[in-house]
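Here the structure is laid out as structure tokens; the discussion comes afterwards.
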Number of protein chains: 4
Amino acid sequence: MPKQTFLNLPLERRNRILETAIDEFSQNSFASASISKIAAKADVAKGSMYQYFENKKDLYKYILEISAQKKQEYLIDCLHSLEHLYFIDVIKELYIKGLEFASDNPKLAGIANNFLKENDMKFKKEIMGISIEKSNQFFEILIEKAKEKGEINPKIDTRVGAYIITSLNTSVIDYLLSYMQYEELLQSKDELMDNVGKILFIIENGFKK
Amino acid sequence: MPKQTFLNLPLERRNRILETAIDEFSQNSFASASISKIAAKADVAKGSMYQYFENKKDLYKYILEISAQKKQEYLIDCLHSLEHLYFIDVIKELYIKGLEFASDNPKLAGIANNFLKENDMKFKKEIMGISIEKSNQFFEILIEKAKEKGEINPKIDTRVGAYIITSLNTSVIDYLLSYMQYEELLQSKDELMDNVGKILFIIENGFKK
Amino acid sequence: MPKQTFLNLPLERRNRILETAIDEFSQNSFASASISKIAAKADVAKGSMYQYFENKKDLYKYILEISAQKKQEYLIDCLHSLEHLYFIDVIKELYIKGLEFASDNPKLAGIANNFLKENDMKFKKEIMGISIEKSNQFFEILIEKAKEKGEINPKIDTRVGAYIITSLNTSVIDYLLSYMQYEELLQSKDELMDNVGKILFIIENGFKK
Amino acid sequence: MPKQTFLNLPLERRNRILETAIDEFSQNSFASASISKIAAKADVAKGSMYQYFENKKDLYKYILEISAQKKQEYLIDCLHSLEHLYFIDVIKELYIKGLEFASDNPKLAGIANNFLKENDMKFKKEIMGISIEKSNQFFEILIEKAKEKGEINPKIDTRVGAYIITSLNTSVIDYLLSYMQYEELLQSKDELMDNVGKILFIIENGFKK
DNA sequence: GATGAATGAGCCTTCATTCAT
DNA sequence: CATGAATGAAGGCTCATTCAT
């Protein structure tokens, strides 16, 4: 929720600021990210930053929201085709889209993952509102339905299953990001997808009857 | 690697410093942890801290090492009985011992997990030396052997399997720690172990023939 | 002395600005009052404030003047009946009217009292012009006349007497204002007037033959 | 309550800091006094100020306490001879000693008076603890005793009487201070005492039977 | 005439680290 | 060996004021 001031800014300037901020937050935790540095790098007066955003947290929330929206855009298609697909294929699709998002927008993905790593639960809840558990809930519903359809082992605990899927999703993205940062080891997209396939193979077996 | 000065210290003083440092690093990322605060809380001259340790990083490394050693102590037993157990039982044992360690030493476990979350790869490598991948390697060997013995599905990719096991292990511990911090929801030990069982049930299925 | 621009403003807008400014100056010293906050609260562009007023001081002077005028309105009646009343009754009337003013317009009264408390004499003189001493002069004349009429002790020093009356007047209003702010202890109007009566009883004795 | 660090400082440095701080707080309200300026003027690193004092408020409290103690020293004698003197003579003595204190230590006296003028009651209470009302209580006791001894008019309301005496005391000191700041008009000590005499003359009459 | 964007100085505070004693 | 004093850079944030549109 930036101030109107920010939204009225000429596009060029607005983007310069946003990108610099995204840079900063993708490399630092909230606490060690610095508005001063962002202002300096974006060549903007420090005071201006506070004309645009209420405070550091405000800017952070905004960036986080951008990240979430962008990710949504990647996921939206496969969310639409939920009904027609097998459980494991939905998961597969979601993992892949998630990785594509991360691969195309490593900084935004990094910010989201960084947020997930924050320690201070009060801070997280404050920023996230209720949506923290949405992701888990989504997977829980998915699992329930798959159980009904007889696609997966009914003995699987729903909550625990959702938890595993979420955790691995985050891990995989983290893995991708850290390798992207270290160009040395950057795997080809094919290799990466190959690995996702291997992970999903295990998951599939883990869940199936 | 504290300086000799630190090792010569009377035990009481040494412990006071260590515990305060553990407190601080368990609640903060490396960047936002503060030597000033540690010195103040431990009632030690700030200057002294620099007589004991080269700098903040040095102290951090030491604390991290303590954490690793302590965890070793929990794992050591089941590492000895590796040969006699089925693959899945080893994993189970390791998860449980890991959780016991975290439950008994939440601060130390938190520090380790915090470290895993650090972004700066250069920093991580510098601190860790090579040992980052040791954990993965260990699981890789385990998986290879299990394959040989015919205990698990040979189609499983060894590296990916190890990766999954490590990731979930970290996630589970993180989960425990955040719930311990937030007493409200603290599950009983039984419930927790129950959940571990459920996770392992999925893993077991995921890996088995 | 606002700029013509301000005077041309639609009444509603003008009042909104004034009231917000009065709010701000009644709660802060000149130095810590903030034009930024006033603009924000009054929902006016910061730039506009500088089209209406030369600067912070200019606005302050204007507000102060408004306060003075408003107070005049309360006092005007009893200033007209000066001649017919005994000295002590004039004083009494002035105190009471002053308190009524403060009770009805606590913010305006607060601003005036805050001004009196400012430290920087140069600043005060600059703002006030000569009128600082007017109040004292007025009481001096009153005292002189009362002496002539034989109503009060001629041994009383005129300047000192005026000074006492002014001081106590300010104190009493301050007292009222701070109690109004702190609702807890707010005395009823009756109690307050009762206390004024008690103060005047002492003053009366102090001045009489 | 400065930190030990401050108390251990070489006298010269300690005094330089204190005097600069006294300067600053005597010319500014708490809000507009600046630690940065104090540090700069005292030729001390800004950071050092925070080695000496917890924060701005801490420094302020300390300075205020110094002021109170110094004033005590002036009053102590006449507080000892309370019993032997007539009510009016006690008051007289207290006013005179108070003025002497202000005349000898105008800055310290200014700080105390500035504090009395602060608007924020919460702030005042926090700083003062309970002692705010002590001064009034003291005069109330004095008045009660004087009534018992038949020295003053029993019809005088005790609380109101105490209030008047306190108010005038503050006013008188303020008066002295502002004139000392403005050397132009500085009255001779004799003249000043003469005026005190005149004030007390009125007070005496106000209180006597 | 209204606006809002820009700015830089300034504020309080924290910190890692150094160094003389 | 312990200490504590010193420091300057940095951080988040606020403000009065200017100026182009």
Side-chain angles (χ1 to χ4, degrees), chain A residues 3-10 13 31-40 43-59, chain B residues 3-6 8-10 13 31-40 43-57 59, chain C residues 3-6 8-10 13 31-40 43-57 59, chain D residues 3-10 13 31-40 43-59:
Chain A
K3 299 187 188 170
Q4 190 58 38
T5 332
F6 182 67
L7 303 175
N8 296 341
L9 240 38
R13 187 178 172 93
S32 49
S34 149
I35 284 229
S36 297
K37 272 184 199 151
I38 295 174
D43 201 27
V44 156
K46 218 192 301 194
S48 296
M49 294 298 294
Y50 288 86
Q51 300 250 32
Y52 306 149
F53 302 93
E54 219 65 72
N55 49 35
K56 187 159 89 156
K57 212 182 284 184
D58 187 29
L59 168 56
Chain B
K3 300 185 186 171
Q4 189 58 40
T5 355
F6 181 69
N8 294 341
L9 241 38
R13 184 179 176 88
S32 48
S34 149
I35 286 229
S36 297
K37 273 183 197 151
I38 295 174
D43 202 25
V44 158
K46 228 188 295 195
S48 298
M49 295 298 293
Y50 286 82
Q51 220 132 17
Y52 306 147
F53 303 92
E54 219 64 69
N55 49 32
K56 189 159 86 158
K57 210 182 287 182
L59 168 57
Chain C
K3 299 185 188 171
Q4 189 58 40
T5 354
F6 181 68
N8 294 341
L9 240 40
R13 186 179 174 86
S32 48
S34 149
I35 286 231
S36 298
K37 273 183 198 152
I38 295 173
D43 201 27
V44 158
K46 229 188 295 195
S48 299
M49 296 298 293
Y50 285 84
Q51 221 132 16
Y52 306 147
F53 302 93
E54 218 65 71
N55 50 31
K56 187 159 85 157
K57 210 183 286 182
L59 168 57
Chain D
K3 299 187 186 168
Q4 190 58 39
T5 333
F6 181 68
L7 302 175
N8 295 342
L9 240 38
R13 187 179 173 90
S32 49
S34 150
I35 284 226
S36 298
K37 273 184 200 152
I38 295 173
D43 201 27
V44 156
K46 220 194 296 197
S48 296
M49 293 299 295
Y50 288 84
Q51 300 250 33
Y52 305 147
F53 302 92
E54 221 65 70
N55 49 33
K56 187 160 90 158
K57 211 181 285 185
D58 187 29
L59 168 56

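All figures in this text were calculated on a predicted structure; none of them were measured in a lab. To find a chain, count down the sequence lines: A is the first, B the second, and so on, and within it residues start at 1. The figures here come from the full heavy-atom set of this structure, side chains too, leaving out hydrogens, waters and symmetry mates.
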Any donor-acceptor N/O pair, [X] side chain to [Y] backbone, under 3.5 Å:
X	Y	value
A:Thr5	A:Gln51	yes
D:Lys3	D:Tyr50	yes
D:Lys46	D:Ile35	no

Completion exercise
dist A:Ser32:OG -> A:Lys37:NZ (nearest 0.5 Å) comes out at 8.0 Å
Completion exercise
Rounding to 0.5 Å, atoms CE (D:Met49) and CG (D:Asn55) come to a distance of 11.0 Å
Practice task
Both distances under 3.5 Å, Watson-Crick or G-U wobble: report the partner of E:dA20, or none.
Solution key: F:dT3
Exercise for the section: Identify the nucleotide, in any strand shown, that forms a Watson-Crick or G-U wobble pair with F:dT14, with both distances under 3.5 Å; if there is none, say none. Expected result: E:dA9
Sugar-phosphate only, base, or nothing, as touched by [X] at under 4.0 Å among non-hydrogen atoms:
X	answer
B:Tyr52	sugar-phosphate
A:Ile38	nothing
C:Asn8	nothing

Exercise for the section: State whether D:Thr5 places a side-chain N or O below 4.0 Å from either non-bridging phosphate oxygen (OP1 or OP2) of F:dG4. Expected result: no
Problem - Under 4.0 angstrom between C:Arg13 side-chain N/O and E:dG1 OP1 or OP2 - result: no
Practice task
Rounded to the nearest angstrom, tell me the gap between atom CD in D:Gln4 and atom P in F:dG4.
Solution key: 9 Å
Practice task
Calculate the interatomic distance between D:Phe53 atom CZ and F:dA5 atom P; express it in whole Å.
Solution key: 12 Å
Exercise for the section: By nearest nucleotide on DNA chain E, pick out whichever of C:Ala45 and A:Val44 is the more 5' one. Expected result: C:Ala45
Handout entry: Under 4.0 Å protein heavy-atom contacts per nucleotide of nucleotides 11-21 of chain F, with B for base, S for backbone only and - for none
Key = SBBBSBBB---
Practice task
Locate the shortest heavy-atom distance separating D:Ser48 from D:Arg13; write the atom from each residue and the value.
Solution key: OG-NH2, 4.1 Å
